[in-house]
Amino acid sequence: LAPQQRSRGLWLLPQEHRSLLLKMKEGEAELGRLRSVEGDKLAQQDRSAQLEKEVAMLREKIHHLDDMLKSQQRKVRQMIEQLENSKTVIQDKDAMIQQLKEKVAYLEAENLEMHDRIEHLIEKQVSRGGHSSRARSKSEYVSSKRLTGPKPLPLIRVVET
């Protein structure tokens with residue numbers, strides 16, 4: 001011990017010893033708290049890092065799902081557009097079919113009328129033929145026939161000469 005410490009006397013040593021022990025215990029307690037706080041901070045940092053990784057992964061998944069959703073929406077829009085175009089084409093073709101049906105009906109009616117006129121003219125010619133200088137038999141004329149089948153066929157007239 002230094003000479004100054006000796007002069008203080010030995011009576012101060014137990015008091016100083018207690019004081020130092022108290023300071024040491026306070027220091028250890030503070031160190032324990034700091035270590036506990038530091039341990040909590042490390043645990044929080046680990047948890048924070050883990051959560052940041054999860055958030056990054058979830059953001060990536062959300063971005064991927066958004067891309068897939070946009071792609072599906074584009075495909076649906078294209079399909080709707082194709083359906084609308086097909087519907088327009090079908091409507092146009094239906095209108096054309098209706099026009100053709102009307103035209104066919106008109107031509108069939110006209111064909112029947114022409115057939116009736118031809119038969120009438122043939123009958124007139126046959127009946128006049130009996131009065132003319134040269135008599136023609138009805139067998140010389142083969143009247144036009146309506147041929148029936150799945151489709152009405154054009155009017156055919158065959159005249160024997």
Side-chain angles (χ1 to χ4, degrees), residues 22-161:
L22 186 63
K23 282 185 181 181
M24 184 183 81
K25 285 181 182 178
E26 287 174 0
E28 284 176 350
E30 180 68 21
L31 183 61
R33 274 183 295 187
L34 288 174
R35 284 183 182 159
S36 173
V37 168
E38 194 173 305
D40 290 345
K41 284 183 182 178
L42 286 175
Q44 288 176 351
Q45 286 175 349
D46 288 346
R47 180 71 177 141
S48 178
Q50 182 184 1
L51 290 173
E52 284 178 10
K53 286 179 184 178
E54 286 180 25
V55 166
M57 186 176 67
L58 291 172
R59 281 188 180 137
E60 188 176 322
K61 284 183 178 181
I62 289 170
H63 180 71
H64 178 68
L65 290 173
D66 283 344
D67 287 346
M68 287 176 55
L69 180 63
K70 287 176 186 175
S71 174
Q72 291 298 323
Q73 287 173 339
R74 269 190 307 253
K75 288 178 183 178
V76 167
R77 278 194 296 270
Q78 288 173 348
M79 289 172 68
I80 289 171
E81 188 177 315
Q82 287 175 348
L83 285 172
E84 288 174 351
N85 290 342
S86 296
K87 186 177 178 181
T88 302
V89 167
I90 289 171
Q91 287 173 345
D92 290 346
K93 289 189 177 195
D94 282 346
M96 181 181 289
I97 288 170
Q98 186 59 37
Q99 288 174 349
L100 290 172
K101 283 181 178 179
E102 290 171 5
K103 192 172 185 176
V104 165
Y106 173 79
L107 290 173
E108 284 177 343
E110 197 174 73
N111 190 19
L112 287 174
E113 184 181 336
M114 294 297 271
H115 177 72
D116 291 343
R117 284 183 184 175
I118 289 172
E119 281 184 0
H120 179 69
L121 287 173
I122 291 173
E123 286 176 9
K124 272 187 174 181
Q125 286 178 352
V126 169
S127 65
R128 278 192 215 153
H131 298 293
S132 68
S133 60
R134 181 178 164 233
R136 293 185 184 175
S137 67
K138 195 171 183 178
S139 64
E140 288 182 17
Y141 297 97
V142 176
S143 65
S144 54
K145 295 182 180 179
R146 272 186 248 157
L147 300 175
T148 59
K151 259 191 195 175
L153 296 174
L155 180 66
I156 299 173
R157 185 172 86 170
V158 179
V159 177
E160 290 182 13
T161 55

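Every value quoted in this text rests on a predicted model; they were computed, and no experiment measured them.
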| query | Around atom CE of Met68, are there more than 12 heavy atoms of other residues, nucleotides or ligands at under 6.0 Å? | reply | no
| query | Can you tell me if Glu60 and His64 form a side-chain donor-acceptor pair at under 3.5 Å? | reply | no
| SB check Glu30 Arg33 (cutoff 4.0 Å) | yes
| query | When rounded to the nearest 0.5 angstrom, what is the spacing between NZ in Lys93 and OG in Ser86? | reply | 10.0 Å
| task | Hey, could you give me the CE/CG distance between Met96 and Leu100, rounded to the nearest 0.5 Å? | result | 7.0 Å
| task | Find out whether Leu69 and Gln73 are in side-chain contact, i.e. whether some heavy atom of one side chain is under 4.5 Å from a heavy atom of the other. | result | yes
| query | Is Ser127 reaching over with its side chain to a backbone N or O of Glu123, donor-acceptor style, under 3.5 angstrom? | reply | yes
| request: Evaluate whether atom CD of Glu102 has more than 12 neighbouring non-hydrogen atoms of other residues, nucleotides or ligands under 6.0 angstrom away. | output: yes
| Side chains of Gln98 and Asp94 in contact at under 4.5 Å (non-hydrogen atoms) | no
| task | Could you go through the side-chain contact (heavy atoms from CB on, under 4.5 Å) check for Leu42 and Gln45 one step at a time? | result | CA-CA 5 Å; Leu42 286 175; Gln45 286 175 349; 3.6 Å; yes
| task | Measure the spacing between NE2 of His115 and CD of Glu119 and express it to the nearest 0.5 Å. | result | 3.5 Å
| field | Test: Glu81 and Arg77 ion pair at under 4.0 Å | value | no
| said: Measuring from atom CD of Glu38 to atom CG of Leu31, what distance do you get when rounded to the nearest 0.5 angstrom? | reply: 9.0 Å
| Are Glu110 and Tyr106 close enough that a side-chain donor and a side-chain acceptor fall under 3.5 Å? | yes
| said: In the structure I gave you, are the side-chain heavy atoms of Gln50 and Asp46 within less than 4.5 Å of one another anywhere? | reply: no
| message | When you compare the side chain of Glu84 with that of Ile80, does any pair of heavy atoms fall below 4.5 Å? | response | yes
| said: Rounded at 0.5 Å granularity, tell me how far CD1 in Ile90 sits from CG in Leu83. | reply: 9.0 Å
| request: Look only at the side chain of Ser71 and the backbone of Asp67, and say whether a donor-acceptor pair between them is shorter than 3.5 Å. | output: no
| field | Distance, nearest 0.5 Å, that separates CD of Gln44 from CZ of Arg47 | value | 11.5 Å
